[in-house]
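Remember, predicted model here, so these are calculated numbers, not experimental data. Numbering starts at 1 and runs along the sequence shown.
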Amino acid sequence: MSMYQVKPVCGGDMKVDLPTCMYTLPNVHAQRGGGCGDHALQNGETDPALKALEARQDEIMRKLYELKAAVDGLAKTVTTPDADLDATTLSQSPAADAFTGTADLDSLLGKDLGALRDIVINANPASPPLSLLVLHGLLCQRYRVLSSVHVHSSVSSVPPQLLSCLGPRHTESYTRHRFQLGFTLIWKDVPKLQMKFNTQSMCPIEGEANVARFLFRLLAADPQDAVTATQVDSWVDTAMFQLAEGGSKERTAVLRSLNSALGRSPWLLGQELTLADIVCACCLLRAGQAASAPANVQRWLQSCRNLGHFDCVYPLLQ
């Protein structure tokens, strides 16, 4: 028996309509006029509003690439303080057409959209890197190179010929997007030459020989034969450790080896100029051994000079 008994307040046959959705909206597909069909054009023509939207998107993408180039340049100035790069000289306009040799740089260094590939070298003015100056000239013949020379505060004074060793300042130096490579030489009081290329993904390269190998590979002129490549490295090390840094006995031994090799071929490794010829010739000239060199070496040095690649070296030897 229940405690309380209540009569029903409504009839048992009452029906309640429950909703089937939370919100109801008119059917837009059933409407006629004012829909998307009114904007369709005949004969495959594109809606002017769509064209304007595409142009706006292209403009936004262009500005994004410029912004990326500016950020990459600023990152290099922050992580590479010795570069002394001016952020105001970064690209302010759309990227120019590709120059000859871009594909080679992309295959060697990887694609880098927007940012200029900067090579920054710190060198002591007491020992100018002659071989790198020769390689700079060869790079200028293959690529569009933005060259600049700076003096670090650790150096009190630099001879005028060192300030102009990379040639006259380019007339378009304010438009970085027109160049493929940036070559910045900083005269600084450092014990060993140092090169900084990509501070984000690679460590600095030290030593003139190692930097020369890096720059020569940008010319895509490295020998494909492993034996020849090993011989090139051997001559480069011999030039740096014995001609440039060795004593009189070591230099005499190297001169004999050079004279013997050049008696069999016009260049050290055959019929073509290689990195071995460039480095050995520059070390020989810097050591002051050119005048007393054997006959084959004298002929070889004259052949190097006749090529014109060493014209930037001789003013620094005076």
Hey, are Gln302 and Asn306 close enough side-chain-wise for a donor-acceptor pair under 3.5 Å? yes

If we ignore hydrogens and angles and just use 3.5 Å, is the side chain of [X] paired with the main-chain N or O of [Y] as donor and acceptor?
{"X": "Ser154", "Y": "Asp189", "answer": "yes"}
{"X": "Tyr143", "Y": "Leu219", "answer": "no"}
{"X": "Gln180", "Y": "Arg144", "answer": "yes"}
{"X": "Trp187", "Y": "Ala123", "answer": "no"}
{"X": "Asp277", "Y": "Trp267", "answer": "no"}

Checking Thr184 against His150 for the side chain to side chain contact (heavy atoms under 4.5 Å, CB included) test, could you report, in this order, the C-alpha distance in whole Å, the side-chain angles of both residues, the deciding distance, and whether it holds? CA-CA 8 Å; Thr184 303; His150 302 274; 3.4 Å; yes

Output yes when [X] and [Y] qualify as a salt bridge under the 4.0 Å nitrogen-oxygen rule, no when they do not.
{"X": "Asp58", "Y": "Lys63", "value": "no"}
{"X": "Arg62", "Y": "Glu59", "value": "yes"}
{"X": "Asp118", "Y": "Lys196", "value": "no"}

Please report the shortest heavy-atom distance between [X] and [Y], naming the atom on each side.
{"X": "Leu268", "Y": "Ala261", "value": "CD2-CB, 4.3 Å"}
{"X": "Phe216", "Y": "Leu135", "value": "CD1-CD2, 3.7 Å"}
{"X": "Cys312", "Y": "Cys165", "value": "CB-O, 4.2 Å"}
{"X": "Tyr314", "Y": "Phe310", "value": "CD1-O, 3.1 Å"}
{"X": "Ala281", "Y": "Leu301", "value": "CB-CD2, 4.0 Å"}

Distance, nearest 0.5 Å, that separates CG of Leu133 from CG of Leu162: 8.5 Å

Side-chain contact, heavy-atom cut-off 4.5 Å: [X] with [Y]?
{"X": "Ile278", "Y": "Leu130", "result": "no"}
{"X": "Leu185", "Y": "Leu166", "result": "yes"}
{"X": "Phe183", "Y": "Ser148", "result": "no"}
{"X": "Val227", "Y": "Gln231", "result": "yes"}
{"X": "Arg305", "Y": "Val313", "result": "no"}
{"X": "Ile119", "Y": "Met195", "result": "yes"}

Between Ser147 and His136, does the side chain to side chain contact (heavy atoms under 4.5 Å, CB included) criterion hold? Intermediate values first, please. CA-CA 9 Å; Ser147 308; His136 167 263; 2.6 Å; yes

If a pair satisfies side-chain hydrogen bond (donor to acceptor under 3.5 Å, both in side chains) and one of its residues is in residues 245-258, list it, with sequence neighbours excluded.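 Residue pairs passing side-chain hydrogen bond (donor to acceptor under 3.5 Å, both in side chains), neighbours aside: none found.
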
May I have all residue pairs that pass side-chain hydrogen bond (donor to acceptor under 3.5 Å, both in side chains) and include part of residues 284-299, sequence neighbours excluded?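 Applying side-chain hydrogen bond (donor to acceptor under 3.5 Å, both in side chains) to every pair that reaches into residues 284-299, excluding sequence neighbours, yields Glu208-Arg286, Asn259-Asn296.
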
Under the side chain to side chain contact (heavy atoms under 4.5 Å, CB included) rule, what do Leu132 and Ile121 come out as? Steps first, then yes or no, please. CA-CA 10 Å; Leu132 303 189; Ile121 298 175; 4.0 Å; yes

Apply side chain to side chain contact (heavy atoms under 4.5 Å, CB included) to Val134 and Cys282, showing your working. CA-CA 9 Å; Val134 176; Cys282 290; 3.9 Å; yes

